[in-house]
Structures are given as C-alpha cells and as structure tokens.
Amino acid sequence: MDSPVRLTASLVSRWGDDPWARGSWSLIGRGGSPGDRVALTAPVGGRLRIAGEATHPTRAGMTHGAYEQGVAAAAWAVEAGHRRVAVVGAGMAGLGAARALAGRDSAGEGCSVEVWEARERVGGRTYGVDLDGFTFDLGANWLQQYDDNVLARLAEELGLTVVATDFGDPLVLGAGSGGGGGRAAAGGVREMGLERELRARLDRAEPRAAIADVIEAWLPEPGEFTAEEIRRYVDAEIVMDSGAPLSWLSARYGFEPGVGEGDRWIAGSYRLIVEHLASGLDVRLGRPVRRITVRDDGVTLAGDGFSATADAVIVTVPLPVLREIDFEPALPPAHAAALGRLGAGRVEKVVLRFDRRFWPAHPAGYYRVAGPEANCVSEWLDATEADGVPTLVGLFAGPWLETLWAGTDEEVAARTAAVFREAAGA
Ligand SMILES: Cc1cc2nc3c(=O)[nH]c(=O)nc-3n(C[C@H](O)[C@H](O)[C@H](O)COP(=O)(O)OP(=O)(O)OC[C@H]3O[C@@H](n4cnc5c(N)ncnc54)[C@H](O)[C@@H]3O)c2cc1C
C-alpha cells in the first residue's frame, strides 16, 4: 500500500493582519464609483498627492496600475516645481514615483527624492519569498492585462521568463464539480453568457445597491442558468477577485476588470522587477510615517524617532493604512468622502510542497475548489513544472479564512492542504 502523501514545506501569507497592508487590494463599496479613486489624487495644499493602486480608475488592485499612478504623481511634483520630494511607501507606486523623480535628478534637473518605507524590505504587496531554491510570490503573482502593461514591457526588457496561465479553463474539484472533477460551468460559452447576464444586471442596479442585492434578486428566477451555476460563478469571479463581502461591494462598480486571459507570472518572482526598480534609490527602510504636516512652505513627515522635511510628498500606502496616518490639516472633505466609499478585501495565499503529486493532471494547470459554505472559494496553480517539485500555490477568499487562517503557519498549511486533498479525493 502507498504511504500517505506528506506535506514537506509551505509558505503562508498574512495580508489581512499585516499592519502595512491590512488587506489585499482596494475595492469600491456600495455608493462608490471609480470617480472616488480619481478624487483621491487631487493634490492637497499643492504639496501632497496620494498615489498607489487604489487611485487608478481602470487598473486598480494591480501592480502596473500602481506603478503608473506613481509615475503620474512624480510628473505632478515636477510640473508643480517641487525639487525635494518625499515618497511614503516603497511598493510599485512608490518605486515608480521615486524612479521617475530620480531620472530627473540624473538628467540634471535637480530633483532629489527620499523614500520612507515602514517595512524592512521594498516591494510592498509584491513579496518574493525563497523556499529551498525557488522564489514564490506571496503577493502579486501575475502581470495582468499583459499586452498593455508597462511592467510586462519592463520584464521583457530585463529578459525575465514569464509563464501564461489559462484561468478560463480551470479543473473544478470537489463539491463544485458536480462529482469527480470537471471543467468550469461546462465550458467557455456558458460562462461567457453568465458573465454577460451578470454584467447587464449589475449595470442596471441602483447606485447604492450592493452586488448581494442583485444576486439575491436573480436567484429565485435564474432564467437559462441554474441558481447553483450563478452562485459558483459569482464565487469564482467576484469573491475570488475581491475577497470582500458581496453585501459591501458596489453593484455597479465592485466587479472591476483584472484577472484574465493572457496573464503571465514571472519565474523567479516579482522580486526581480522590484530589485531593478529600487536599485540606486535612497530608500529608508523600517521607517513608518505616522504623521504628515502640509504647510505653505513645505511638508514634514514624522515617525517613531524621526522626522524629515521636503517640498512635497507622494503617499502610496494601502487605503486601510492611509486612514491611520495623522494628516495635519486633515485631508479635505472630498478625499475623506472618497475614502469612506472605498475599502480593501482579503485574499490570502499558500504555497504547499508535497512528497509526490496526487492531483489529476490538467493542461491549464489551474484548479478551483469551492468551500463548505457560500462565498468560500479557493483557486490553485500547479507550480510543479516550474518548481521541479510537486507544488501547489493556493489562493483563498471568503468567510472560511477566519478559521483556515487561525493559528500558526504550519496549522494554516495543514488545513489548506486538507481542503485540496479532500477535493481531489486524495
Ligand atoms: C495576495 C495578493 C495577490 C495579488 N495578485 C496580484 C496579481 O497577480 N497581479 C497584480 O497586478 N496585482 C496583484 N495584487 C495587487 C498588487 O500587489 C498591488 O495592487 C500592488 O502591489 C500595490 O502597489 P502599491 O505601491 O500601490 O502598494 P504597496 O505595494 O502596498 O506599497 C505600499 C508601501 O507602503 C508601505 N507603507 C505602508 N504604511 C506605511 C507607512 N505608514 N509609512 C511608510 N511606509 C508605509 C508598505 O510597507 C508598502 O511597501 C495582489 C495582491 C495580493 C495581496
């Protein structure tokens, strides 16, 4: 008889508890709109500008959107005539801003830039972690909207190896598969119909409606789809891509573009891009900024045991962390109102290595597992080929995070491995 499958190594993310993230990426809550993202970018006192993924109207929640917003904020600072610029946060937005400003410096335009970063590392919500010879991304994994992605072009310039994932063709395992395992929603045509119908219903919703309101109205009369198909589709496409309660997400704007066809992940991790962007920059690590004062003649940043002055500041911290910074004077009412309608969800990741491969082969290398309750979902990338060892990367969203993510990393790894093993019938 075969010996039981053994989990040999693991990595676990903790974005929900991380004091410098407090969630995974920004989202639009009921009553909100992409206009709220734009409202956050209005300069304050001519000297402060908020950047970061949350401020991009069409590419929020993605690395290239964050980077673009950083570059745009740098252009604003230069145009406004600021020469000494502070950047808060060394994620994609902060690095994008700082690099654009440092570029001006080397062009002899006299800009100087200092980056203040809370963590002891750069990269923010991109986080490559080594596990016995391979680097896994515990934050951002894919270069999304690949053909129109400035970081994808950079990856190509740097000669990085990128690997495409076919999200459109996951193998559904466990309860959601209708037994044994099968392709999602009986193939692409039916899923496309479901998406069209869902989008049309969301577009027609009241401005203050939540996605849950639309789904609840649809389920009793599901039309050409079954209620189960609708639920599974919403879990896979909205819950998995947001990590937020459907009762909070805006019906009209909470289902934003993102994960899709042609997305590619970077072999060797996002770290390769981050290291390139950060090289040569003046980044002060371990410096959480707690207070930002904007005066007529400049700005002051203050943290635990340090303070600094500059002509202007670009703030790139995640939304939940932004709310904790003490702004003097307080952010203008339009900013505060926009902040109140935006929020962040929680999607967590695990990397699980096993002593042997026990799951069914699937050409797309992508698997979906529904949880025991509504809105509990996980998706899995088979990284065996890239890693050279039987390895799965799992993404989890929904209420089951409360119990799955309790306790030590080892406990989380064991629980999540059990979810997949049970679904795969191992
Ligand atoms: C699990 C997960 C999976 C994801 N998958 C993808 C994906 O596949 N593709 C994709 O494009 N995007 C993905 N994303 C989203 C992507 O990671 C983010 O949109 C992007 O990295 C955000 O960049 P940013 O610069 O706006 O913010 P961050 O990367 O969060 O950078 C902000 C920086 O500010 C620092 N900071 C916070 N508070 C302070 C303070 N008070 N003082 C000083 N510094 C501070 C933080 O430490 C951080 O370094 C994922 C995110 C997560 C969590």
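Every number for a ligand or one of its atoms is a count from 1 in the order of the listing. The figures here come from the full heavy-atom set of this structure, side chains too, leaving out hydrogens, waters and symmetry mates.
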Atom 13 (C) of ligand 1 has as its nearest protein heavy atom A140 CB, 3.3 Å
Mind checking whether R30 and R341 have side chains closer than 4.5 Å, heavy atoms only? no
Looking at ligand 1, would G139 count as a contact under a 4.0 Å heavy-atom criterion? yes
Hey, which of V85, V313, T293 is the one that makes side-chain contact (heavy atoms from CB on, under 4.5 Å) with V299? V313
Tell me: protein heavy atom nearest atom 8 (O) of ligand 1, and distance? W142 N, 2.8 Å
Could you verify whether a donor N or O on one side chain and an acceptor N or O on the other, from E379 and Y367, lie under 3.5 Å apart? no
Examine ligand 1 and decide if any of its atoms is less than 4.0 Å from a heavy atom belonging to G123. yes
Is there at least one pair of N or O atoms, one from E53 and one from ligand 1, spaced under 3.5 Å apart? yes
Tell me whether the centres of the aromatic rings in F420 and W380 are closer together than 6.0 Å. yes
If we ignore hydrogens and angles and just use 3.5 Å, is the side chain of K349 paired with the main-chain N or O of R14 as donor and acceptor? no
Between G286, A118, A344, A93, flag the one that comes closest to atom 43 (C) of ligand 1 by a heavy atom. A118
Under 6.0 Å between ring centres: does that hold for F306 and W116? yes
Quick one: does P288 get within less than 4.0 Å of ligand 1, heavy atoms only? yes
Based purely on interatomic distance, does K349 place a nitrogen or oxygen under 3.5 Å from a nitrogen or oxygen of ligand 1? no
Heavy-atom proximity to atom 30 (O) of ligand 1 ranks first, among R291, H64, R125, E117, for R125
Any L143 heavy atom less than 4.0 Å to ligand 1: no
If we check side-chain contact (heavy atoms from CB on, under 4.5 Å) with R353, which of these qualifies: L392, D132, L7? D132
Compare D137, V347, V289, L138 and give the one whose heavy atom is closest to atom 41 (N) of ligand 1. V289
Do we see a donor-acceptor contact under 3.5 Å between the side chains of R37 and S26? yes
Has ligand 1 got any nitrogen or oxygen that is less than 3.5 angstrom from a nitrogen or oxygen of T63? yes
Here the atoms of ligand 1 under 4.0 Å from any heavy atom belonging to G91 are 25 (O), 29 (O), 31 (O), 33 (C), 49 (O)
In this structure, does ligand 1 have an atom that sits under 4.0 Å from one of the heavy atoms of R290? no
